[in-house]
Every structure is written in structure tokens, then in C-alpha cells.
Amino acid sequence: MTRILQVSDLHIMPEGQLFHGQIDTAQALREMLSGLAGLLPAIGPVERIVLSGDLTETGCVDAYAMLQAIMAECPLPWRVIPGNHDSREGVRALAADALSMPATGPINWREDVGDVTLLGVDTLVEGAAHGTLAAESLDWLSSTLRGLQGRQVLLFMHHPPCTTGIAAMDDIGLLNHSELAEIVVAHAGPLQIACGHVHRMMIGQFAGRQVVIAPGTSHAVILDMRARMEFGFIPGHRGAVLHSFGDHCQSALISSADFADPFPFS
Ligand SMILES: [Fe+2]
């Protein structure tokens with residue numbers, strides 16, 4: 001069994017600042033990491049944590065410094081992909097020591113963990129909210145998958161390639177999803193896609209594969225499926241996703257409510 005924890009949309013601010021003046025995203029991440037560490041005896045062993053983008057809100061040096069300080073307490077090895085709120089060089093510097101981190105260009109990486117190959121692909125268009133896979137990233141993904149026909153692949157990308165029904169998020173989704181679909185359809189092996197961006201746990205389908213969208217660590221996009229939706233955030237609704245691969249494959253939501261002390265069944 002290979003288990004991977006996905007933690008997404010941290011939106012860390014520079015020290016002393018609150019997200020939209022309201023939410024302490026740094027404290028929320030500390031609580032999430034502490035809670036997950038407390039659960040490890042019950043859910044482990046877990047091989048990696050992957051932070052699936054929007055690591056910071058501002059993309060500035062001070063926010064990454066704050067994140068680096070918090071992640072020093074992370075109980076597991078961790079990997080990163082950028083989200084639309086990140087700066088590519090900020091993300092690269094944050095995880096420069098990771099063997100999988102490319103020194104230049106899009107932050108696309110591969111790491112084999114047990115029977116699973118983790119792939120991270122970079123959908124960031126700096127300065128924009130939507131995502132795009134650059135030609136270089138599409139080529140990298142296509143050539144990498146060609147050598148992975150027999151392995152379970154867990155593909156991390158910040159922007160979901162499928163729609164969510166939340167209009168404001170779908171408007172800023174992955175623009176060139178059809179190009180990704182061609183690559184995914186051409187791949188014969190087992191592959192699951194893991195995304196963030198939406199700040200809600202959702203399960204979707206894309207090119208015949210399962211897409212799991214993880215919640216954020218501090219706040220959620222409001223649940224409004226109307227075409228002319230109001231856009232806003234709610235605090236809480238926080239969690240992570242545990243992806244497990246073995247005889248049985250599953251993705252389980254871990255809510256911050258799971259960190260509470262249980263009362264006995266009697
Ligand atoms: Fe986000």
C-alpha cells in the first residue's frame with residue numbers, strides 16, 4: 001500500500017497579515033499539519049505530502065519565508081506544485097532541495113514512491129487566475145507517461161481539467177484541457193488526477209479518469225451552482241485528502257473535524 005497525503009490551497013500570507021483581513025492562513029496550516037501528524041499512527045505509513053498549489057496568497061518572498069518556517073514542522077517529506085497565486089521562482093526556491101525540482105522552466109516533476117509514480121505538472125500562468133499547460137509541459141507529460149504504462153500514476157495539477165459547476169471557478173479553470181485530454185486518452189495505464197484551486201472536495205471525471213479536487217487548509221469557495229453566482233469565501237470547511245494505492249485504491253477526505261478526540265462506542 002502506498003499512501004500520499006494531498007494538502008492544497010494554503011494561501012499563506014506574510015507574517016502578521018490575514019487573508020482578506022479575516023483568516024489566519026498560517027495558523028490554519030499549523031493546525032492542519034499538527035492534526036495530520038496526530039492521525040499518522042492511525043492512517044500511516046504515509047510516504048509523501050504533496051502541496052497542490054496556491055501555497056501563498058501573495059507570491060511574495062515574505063509569504064514563502066513564512067511558509068518555509070511552518071513546513072519545517074512538517075512530519076513527512078513534501079513536494080510542491082504551483083497554483084495561480086504563486087510565483088514560479090518562489091515555489092522553486094521553497095523546494096529547491098527536492099531532487100525532483102527542476103532548476104529552470106515549468107515546475108514539472110516525477111517521483112517514484114513505492115508502486116506509485118507521482119507526477120507534478122505546472123499550470124501556472126503568472127499574473128492570471130486561469131491555468132494553462134505550456135507546450136513544454138504537455139511534451140514533458142506525454143513523454144513521461146510513455147514510460148509509465150505499467151505503473152499507477154497520480155498526476156498533480158493545480159487547476160482541474162474538468163468543470164465543477166461553480167461558474168466563477170470554471171471561468172478560471174484549465175484553458176487547454178483538450179490538449180491534456182489527448183495525452184491522457186493515449187495513455188493506457190492506471191492514472192488518477194489530483195487538483196486543488198476550488199477549495200472544495202469534489203470528484204469528477206476527465207478523459208475517462210477520476211479527478212479528485214482537494215479542499216483548502218483554511219477556507220472554502222462558497223457553494224453556489226447558479227450561472228450568475230455571487231462569489232465569496234467561507235472560513236473553515238478545511239481538510240486534506242489521503243490517496244491510497246494497493247489492492248484497493250481510494251481517496252479519503254480528512255476533515256479538520258477528524259482531529260477531535262473521539263468518544264468511545266458503548
Ligand atoms: Fe486557492
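Order of appearance sets the numbers: ligands from 1, and atoms from 1 within every ligand. Since the model is a prediction, treat every value here as computed from it, not as a measurement.
- For Asp54, the N, O or S atom with the smallest separation from the Fe ion (ligand 1) is OD2.
- With salt bridges taken as basic N to acidic carboxylate O contacts below 4.0 Å, one links Asp112 and Arg110.
- Side-chain contact between His158 and Leu124: absent, with no pair of heavy atoms (C-beta onward) separated by less than 4.5 Å.
- Inclusion of His11 in the first shell of the Fe ion (ligand 1) is supported: an N, O or S atom falls under 2.8 Å.
- Residue Asp9 approaches the Fe ion (ligand 1) most closely through its N/O/S atom OD2.
- The main-chain N or O of Gln27 is found under 3.5 Å from a side-chain atom of Asp24 such that the two form a donor-acceptor pair.
- Salt bridge status for Glu111 with Arg79: present, with a side-chain N to carboxylate O gap under 4.0 Å.
- Restricting His199 to its N, O or S atoms, the one at the least distance from the Fe ion (ligand 1) is NE2.
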